[in-house]
Visitor: 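If you scroll down you'll find the structure; I have some questions about it.
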2 protein chains.
Amino acid sequence: MLSKKTKYGLKALTFLASQKDKAPIQIAEIAKEENISQKFLESILLSLKKSGFLGSKKGKGGGYYLIKEPQEVLMTDVMRVLEGPIAMVPCVSLNFYEKCDDCPDEKSCSVNKLMLKVRDANLTIFRNNTLADLIQ
Amino acid sequence: MLSKKTKYGLKALTFLASQKDKAPIQIAEIAKEENISQKFLESILLSLKKSGFLGSKKGKGGGYYLIKEPQEVLMTDVMRVLEGPIAMVPCVSLNFYEKCDDCPDEKSCSVNKLMLKVRDANLTIFRNNTLADLIQ
DNA sequence: TGGATATCCTATTAAATCTATAGGGTAATT
DNA sequence: AATTACCCTATAGATTTAATAGGATATCCA
């Protein structure tokens, strides 16, 4: 299942990407428009800022704004920050590889074999979709 | 993340599929060979039996055995029983469809749009892989 | 300079899910 | 009749997720 965090994060990013100009949008407005708990969204936007997707401005007229152009924001990067590893098991993960302690040999592991295919399929999707592709 | 239940279930199915004949294999043997908690595996095999993948025999010389030929066991079916819906959000699920209560219009939802692509990619993988493909 | 605004940060809680264990019941075989 | 091995329910511990609370910090503007 996709976590609410990822769902909300994607919606917020799309909302920001679909704005005409790049004037900061307040958390409250995004939360209202997208039906998201404001406090929860607050922490999500903060993590998106820390990972380099968003910029922010404090005080009156402040808010969040996209740093890059939507077509430059790859879904691989967004998903890794919001949802975590793309692979369903650590032993097929590119960025978060970890050996299974119960599995003596990966080469002959059926789970490894299947999940490798799943990972590749998902990577293909996420690499070929940017924030721009999610709009409209 | 893939649940342990699914991981263990897949390993058990593969183990049974790679047997020479179709003599029943005991839970204890599968658990030992695949490094799985025996009691946990017990409940997994039971659910695989109830969903029509396995048969069982009680008493001495008893155990579990595959009902169909490995090449006839589709991963779509196995995954749905062990892991649940293949879709990452209910609004793009074929078998477990549910409308999002926070989303006014699916057609214009960015999450829906992306997850539809992910679902199709995963369905393609699971439809084109059988238990036979996981062996060796 | 001070008040209003809005992000930033930490901690905590409530709920749900996952993983595993316990303990006995039931059916089949020898 | 005893043994074997699956069958079934309940429960507990751990982890993760989702949300809330409360205040600190930075910015703007009159």
Side-chain angles (χ1 to χ4, degrees), chain A residues 1-12 16 23-32 34-67 81-85 88-90 96 100-102 111, chain B residues 1-12 16 23-32 34-67 81-85 88-90 96 100-102 111:
Chain A
M1 273 287 284
L2 195 74
S3 69
K4 299 264 186 186
K5 179 183 176 184
T6 303
K7 187 182 178 185
Y8 295 161
L10 284 173
K11 286 198 169 194
L16 290 173
I25 310 284
Q26 298 161 26
I27 298 175
E29 186 183 341
I30 305 175
K32 190 185 167 196
E34 300 290 347
N35 296 305
I36 305 171
S37 149
Q38 181 168 338
K39 272 293 186 180
F40 192 22
L41 181 60
E42 212 175 296
S43 68
I44 297 169
L45 294 180
L46 198 57
S47 83
L48 285 172
K49 185 202 168 183
K50 287 181 177 172
S51 43
F53 295 101
L54 300 179
S56 69
K57 197 182 164 189
K58 288 184 178 178
K60 189 167 188 179
Y64 282 99
Y65 52 90
L66 265 187
I67 284 186
V81 164
L82 291 173
E83 190 75 4
M88 294 187 78
V89 280
F96 304 88
C100 296
D101 49 355
D102 62 312
V111 178
Chain B
M1 274 286 286
L2 197 75
S3 69
K4 299 263 187 187
K5 180 183 176 185
T6 303
K7 187 181 177 185
Y8 295 161
L10 284 173
K11 285 196 169 196
L16 290 173
I25 310 286
Q26 298 161 25
I27 297 176
E29 185 182 344
I30 304 175
K32 190 186 167 196
E34 301 290 346
N35 296 305
I36 304 171
S37 147
Q38 180 166 338
K39 272 292 186 179
F40 192 22
L41 181 60
E42 211 175 296
S43 69
I44 297 169
L45 294 179
L46 198 58
S47 84
L48 284 172
K49 186 201 168 183
K50 286 182 177 171
S51 43
F53 295 101
L54 300 179
S56 68
K57 197 181 165 189
K58 288 184 180 179
K60 190 167 187 177
Y64 282 100
Y65 52 91
L66 265 187
I67 285 185
V81 163
L82 292 173
E83 189 74 5
M88 292 188 79
V89 280
F96 304 87
C100 297
D101 48 357
D102 63 311
V111 177

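All chains are named by letter (A, B, ...) in the order of the sequence lines, taking the proteins before the strands, and each is independently numbered beginning at 1.
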Visitor: Report the C-alpha separation of A:Tyr64 and A:Ile25 in whole Å, then their side-chain angles, then the decisive distance to 0.1 Å, and conclude whether the side-chain contact (heavy atoms from CB on, under 4.5 Å) test is met.
Guide: CA-CA 5 Å; A:Tyr64 282 99; A:Ile25 310 284; 5.9 Å; no
Visitor: Is there a side-chain contact between A:Met1 and B:Pro85, using heavy atoms and a 4.5 Å cut-off?
Guide: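 Side-chain contact under 4.5 Å: no.
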Visitor: Hey, what are the protein-to-nucleotides 10-17 of chain D N/O distances that come in under 3.5 Å?
Guide:
none

Visitor: For nucleotides 6-9 of chain D, list the nitrogen or oxygen atoms of the protein found under 3.5 Å from its nitrogen or oxygen atoms, one pair per line.
Guide:
unit_1 : atom_1 : unit_2  : atom_2 : d
D:dC6  : OP1    : B:Ile27 : N      : 3.0
D:dC6  : O3'    : B:Ser56 : OG     : 3.4
D:dC7  : OP1    : B:Lys49 : NZ     : 2.5
D:dC7  : OP1    : B:Ser56 : OG     : 2.7
D:dC7  : OP2    : B:Tyr64 : OH     : 2.1
D:dC7  : N4     : B:Glu42 : OE2    : 2.5
D:dC8  : N4     : B:Glu42 : OE2    : 3.3

Visitor: Name each donor-acceptor pair under 3.5 Å that joins a side chain in residues 2-10 of chain A to protein atoms two or more places apart or in another chain, with its distance.
Guide:
unit_1 : atom_1 : unit_2   : atom_2 : d
A:Ser3 : OG     : A:Thr6   : N      : 3.2
A:Ser3 : OG     : A:Thr6   : OG1    : 3.1
A:Ser3 : OG     : A:Glu83  : OE1    : 2.9
A:Thr6 : OG1    : A:Glu83  : OE1    : 2.2
A:Lys7 : NZ     : B:Asp102 : OD1    : 3.1

Visitor: What's the spacing between B:Ile36 CD1 and B:Leu41 CG if we round to 0.5 Å?
Guide: 5.0 Å
Visitor: Salt bridge (charged side-chain N to carboxylate O under 4.0 Å, His left out) with A:Lys39: which residues, sequence neighbours excluded?
Guide: A:Glu42
Visitor: Between which nucleotides of DNA chain C, read 5' to 3', does contact with chain A run, using atoms under 4.0 Å from its heavy atoms?
Guide: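 Range of nucleotides touched by chain A: C:dT5 to C:dC9.
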Visitor: What's the spacing between B:Lys57 NZ and B:Gln26 CD if we round to 0.5 Å?
Guide: 11.0 Å
Visitor: Using the test salt bridge (charged side-chain N to carboxylate O under 4.0 Å, His left out), find all partners of A:Glu29 that sit at least two apart in sequence or belong to another chain.
Guide: none
Visitor: Table please: side-chain donor-acceptor pairs of residues 45-56 of chain B below 3.5 Å, with sequence neighbours left out.
Guide:
unit_1  : atom_1 : unit_2  : atom_2 : d
B:Ser47 : OG     : B:Ile44 : O      : 3.0
B:Lys49 : NZ     : B:Ser56 : OG     : 3.2
B:Ser51 : OG     : B:Ser47 : O      : 2.6
B:Ser51 : OG     : B:Leu48 : O      : 3.4

Visitor: Closest approach of B:Gly63 and B:Pro24, non-hydrogen atoms and distance?
Guide: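 Looking at all heavy atoms of both residues, the closest pair is N-CB, 3.6 Å.
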